[in-house]
Asks: 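This is the structure, below, for whatever I ask next.
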Amino acid sequence: MAGFNKVVSSYEEAMAGLQNNMTVIAGGFGLCGIPEGLIAQIKKMGTNGLTVVSNNCGVDGFGLGILLEDKQIKKMISSYVGENALFEQQLLNGELEVELTPQGTLAEKMRAGGAGIPAFFTATGYGTPVGEGKESRNFNGRDYIMEEAITADFAIVKAWKADKFGNCIYRHTAMNFNPMAATAGKITVLEVEEIVDVGELEPSQIHTPGIYIDRVIQGNFEKRIERLVTSKGA
Amino acid sequence: MAGFNKVVSSYEEAMAGLQNNMTVIAGGFGLCGIPEGLIAQIKKMGTNGLTVVSNNCGVDGFGLGILLEDKQIKKMISSYVGENALFEQQLLNGELEVELTPQGTLAEKMRAGGAGIPAFFTATGYGTPVGEGKESRNFNGRDYIMEEAITADFAIVKAWKADKFGNCIYRHTAMNFNPMAATAGKITVLEVEEIVDVGELEPSQIHTPGIYIDRVIQGNFEKRIERLVTSKGA
Amino acid sequence: MALSREQIAMRVAQEFKDGDYVNLGIGIPTLAANYVPKDIEVMLQSENGLLGMGAYPHEDEVDADMINAGKETVTASKGASIFSSAESFAMIRGGHVDFTVLGAFEVDVNGSIASWMIPGKLIKGMGGAMDLVAGAKNIIVTMTHADKRGNSKLLSACTLPLTGVNCITRIITDLAVLEVKDKAFYLRERAPGVSIEEIEEKTAGKLVVEGDIPEMTI
Amino acid sequence: MALSREQIAMRVAQEFKDGDYVNLGIGIPTLAANYVPKDIEVMLQSENGLLGMGAYPHEDEVDADMINAGKETVTASKGASIFSSAESFAMIRGGHVDFTVLGAFEVDVNGSIASWMIPGKLIKGMGGAMDLVAGAKNIIVTMTHADKRGNSKLLSACTLPLTGVNCITRIITDLAVLEVKDKAFYLRERAPGVSIEEIEEKTAGKLVVEGDIPEMTI
């Protein structure tokens, strides 16, 4: 009887079933709150033809950027890319496709995917290239476009603490896209800093209930900082 | 300079501006997590012709049920009503109108209202009386209906602890509809059990950020139990 | 002999698999929680915002802020999570709850269900039932096979206002376990001592009986 | 004389009212946080999920898990809240943020704005800009009045791909404060020592000058 114990002991097990040409949603904002070990495992597996849904594509040599090195990504769905020379090169070469999506629309599309909402209306992007080819409609005197939900074969998510049921909390702004990503994967894999005992997390303070999580793995995180800015003086 | 101090000292001030024929969204599920003092203040004000959006309408003599005594409610938008004889009587007399809305759709309509989503699609209610007169559409082989957002002139919300900025947390299942209600009022009034110092609530554990809250009042709660059921023995 | 309410609940509980997240409606479905096989674990979802619903509280544990979707005082089990109604129905609508068990007035061969409204009687509302039948991966309807006057509740087409269309695949009654597919009720099991003839007689919609129909083991 | 970046930021900060929730874009908008008048309080929203953005951290406070929308290390102020990207944009899209200040390549007399893409250059993406211009109650665009070759950025119609349509009502440039309405730019203030003629010359879209145009007080 496994019950609700979702903890796996290896990255192989964590990403088992990932195949070429699948869609993967990844939590994180820039390099903050990214599932570092799960991304490394995808690189190791060499899976290619991937469609990756994530706000950004990391940087050269770190984060999702490492999946560009062996051209594992076919298409990115993101709001902001290009912190990264390899990305630019593959884009210009036509080796990589990008679907730019406004940040809030991207977050809402993931949430909708997890929540059984196939489509919703938003004013974001109306009258811009983002709205082209999409249905538009006026509600109460304002124009909106229809956006469809996003789901994926795999969602890879990073949290701070989780119990073996998959209940988890995120730390500071490392939360970002992770809660929505967690809901939108057919298989959702959670990489955490610490696995705590069941009952240790206060029920009403859990950010993502375990029902969304299929596998939990404890990782080691480098937590690279993208833009270190400090205040001088006292 | 008031800054972000939203604490008011009287119920008169808390509900100032409420007028006849306005729409009010109320948090709570049954008698659990309801803003008792704000409801009592509406009764005291005698405001009538109200459209009230809430999952339920309380019971005879408690919760939103007390607003039926002087026929202050013109219309209820709810998922489940009729725990309450006065409600039934006014409904049969044609003094009260009811718009029954599936519970999940009601929650999502409030969230959408607060989130600037004018409409969304859901499978809930397709092919039933709830879907009649609503646009339906097929996405990926399944039929959905379009539901529109709900907003209100006032939202009345109950939380456990809040700081003067309106940041708050809910206790146990008294959370229910309160977080969505809080986002969907032009004016949102929060009644809490305890006002705590700014900084006492952990930022990432705040359920409703203060940006949604216009007024905060400390209340005294009876917390009546609708269905007391206990386990016998050890 | 026709099953008792408790026996129907026992048979329902046999459907659960280890690790299932389950939402149980009011009445017979709720009883099923008492009969979960000892060798598996299921977690109960209550649609007012609680995943990991525990037992009813002892008198000294009663807390007005801790209730279930039936508005009864309840406890949270170890490892529970609590969230908003929007999150709760995101979970339900998004297909994350494995099983929903609920009662019904009528079910038809299309898998449509009527469970919330009898015209002419006072309408109390659908609560979360429409969301549940639209969202859960597997739905089991529990009900008596016929009403008190002997009228079948398994119909060619529901006559009452619907809760959902084409969503029911499995029905457990006091007489039988049936699967709904291809516009028919497929008889899978019968209650101990209940004849196929009796089930045929009390099933108004098309009934398919293929091969041997075993008796349920309760 | 044309305002410096810091002076534009100072003038922007005068727009804020006590108790405003404000989202500041990268560049000049971010500088405005340094010039909030002493007698008011504003709270900064960062769209990656932080309400109550504080100062940059001291070296010993740096935390990789605490960043702003520009991916810079940052701190949370007392009374801050942290939430998901979906919640953050619910806040923005739902009109709960009082002010958004952002830069632009072009603005036109219809209040449309182009700020994210120059065809032929590499496209990096719109980030949260489209959501911000669609959602905030008040939007202020800050930019230089003309580009380095002297071409006006205030046009009859934007030539670059749009970020949003009919959404900009106020523009603060190095030369002037302008209101956008009735398909024109209404001149409200001019930078100290800058003539109306210079502003007219550098405004390609229809400019309306009504009555005395005061100089800004910085």
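The chains referred to below are lettered A, B, ... by the order of the sequence lines, with proteins before strands, and numbering in each begins at 1.
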Asks: Which bit of A:Asn178 comes within less than 4.5 Å of chain D, counting heavy atoms only: side chain, backbone, both or neither?
Replies: neither
Asks: Need one label for A:Leu91: side chain, backbone, both or neither, based on atoms under 4.5 Å from any heavy atom in chain D.
Replies: side chain
Asks: Contact part of D:Asn166 toward chain A, heavy-atom cut-off under 4.5 Å: side chain, backbone, both or neither?
Replies: neither
Asks: With a 3.5 Å cut-off and no angle check, do the side chains of A:Asp143 and A:Ser136 form a donor-acceptor pair?
Replies: no
Asks: Can you tell me if NZ on A:Lys43 sees more than 12 non-hydrogen neighbours from other groups inside 6.0 Å?
Replies: yes
Asks: Determine the option with the most heavy-atom pairs under 4.5 angstrom with chain A, choosing from D:Ser85, D:Ala86, D:Pro161, D:Gly125.
Replies: D:Ser85
Asks: Between D:Thr163 and chain A, with a heavy-atom cut-off of 4.5 Å, which part of the residue counts as in contact: side chain, backbone, both or neither?
Replies: backbone
Asks: Need one label for D:Ile123: side chain, backbone, both or neither, based on atoms under 4.5 Å from any heavy atom in chain A.
Replies: both
Asks: Answer yes or no for A:Lys158 and A:Tyr170: cation-pi contact, defined as NZ/CZ to six-membered ring centre under 6.0 Å and angle to ring axis within 45°.
Replies: no
Asks: I need the minimum non-hydrogen distance between A:Ala162 and A:Val192, along with the two atoms involved.
Replies: CB-CG1, 3.6 Å
Asks: When the ring planes of A:Phe121 and A:Phe139 are compared, do they come out parallel, tilted or perpendicular, using 30° and 60° as the limits?
Replies: perpendicular
Asks: Which residue out of D:Gly70, D:Gly127, D:Ser112, D:Ala90 racks up the most heavy-atom pairs below 4.5 Å with chain A?
Replies: D:Gly127
Asks: Determine the option with the most heavy-atom pairs under 4.5 angstrom with chain D, choosing from A:Leu100, A:Val229, A:Asn176, A:Thr128.
Replies: A:Val229
Asks: Side chain, backbone, both or neither: which part of A:Leu228 has a heavy atom under 4.5 Å from chain D?
Replies: both
Asks: For chain D, which candidate among A:Met110, A:Arg111, A:Arg142 shows the most heavy-atom pairs at distances under 4.5 Å?
Replies: A:Arg142
Asks: If we ignore hydrogens and angles and just use 3.5 Å, is the side chain of A:Glu36 paired with the main-chain N or O of A:Glu222 as donor and acceptor?
Replies: yes
Asks: Would you check if there is a donor-acceptor pair between the side chains of D:Glu47 and D:Asn23 at a distance under 3.5 Å?
Replies: yes
Asks: For A:Pro179, which atoms come within 4.5 Å of any heavy atom of chain D: side chain, backbone, both, or neither?
Replies: side chain
Asks: Starting from the C-alpha separation in whole Å, work towards a yes-or-no answer on side chain to side chain contact (heavy atoms under 4.5 Å, CB included) for A:Ile77 and A:Val52.
Replies: CA-CA 6 Å; A:Ile77 301 178; A:Val52 177; over 6 Å; no
Asks: Which bit of A:Glu193 comes within less than 4.5 Å of chain D, counting heavy atoms only: side chain, backbone, both or neither?
Replies: side chain
Asks: With a 4.5 angstrom heavy-atom cut-off, which part of A:Thr101 approaches chain D: side chain, backbone, both or neither?
Replies: backbone
Asks: Out of A:Cys32, A:Gly125, A:Ala123, return the one with the most heavy atom pairs under 4.5 angstrom to chain D.
Replies: A:Cys32
Asks: Is A:Leu92 close to chain D through its backbone or its side chain, or both, or neither, when contacts mean heavy atoms under 4.5 Å?
Replies: side chain
Asks: D:Asn48 and D:Ser46: side-chain donor and acceptor closer than 3.5 Å?
Replies: yes
Asks: Between A:Arg137 and A:Tyr144, is NZ or CZ placed under 6.0 angstrom from the six-membered ring centre and within 45° of the ring axis?
Replies: no
Asks: Name the region of D:Ile92, side chain, backbone, both or neither, that has any atom closer than 4.5 Å to a heavy atom of chain A.
Replies: neither
Asks: With chain A, which of D:Ala80, D:Cys167, D:Gly49, D:Ala134 has the greatest number of heavy-atom pairs at distances under 4.5 Å?
Replies: D:Ala134
Asks: Answer yes if the side chains of A:Tyr80 and A:Gln103 hold a donor-acceptor pair under 3.5 Å, and no otherwise.
Replies: no
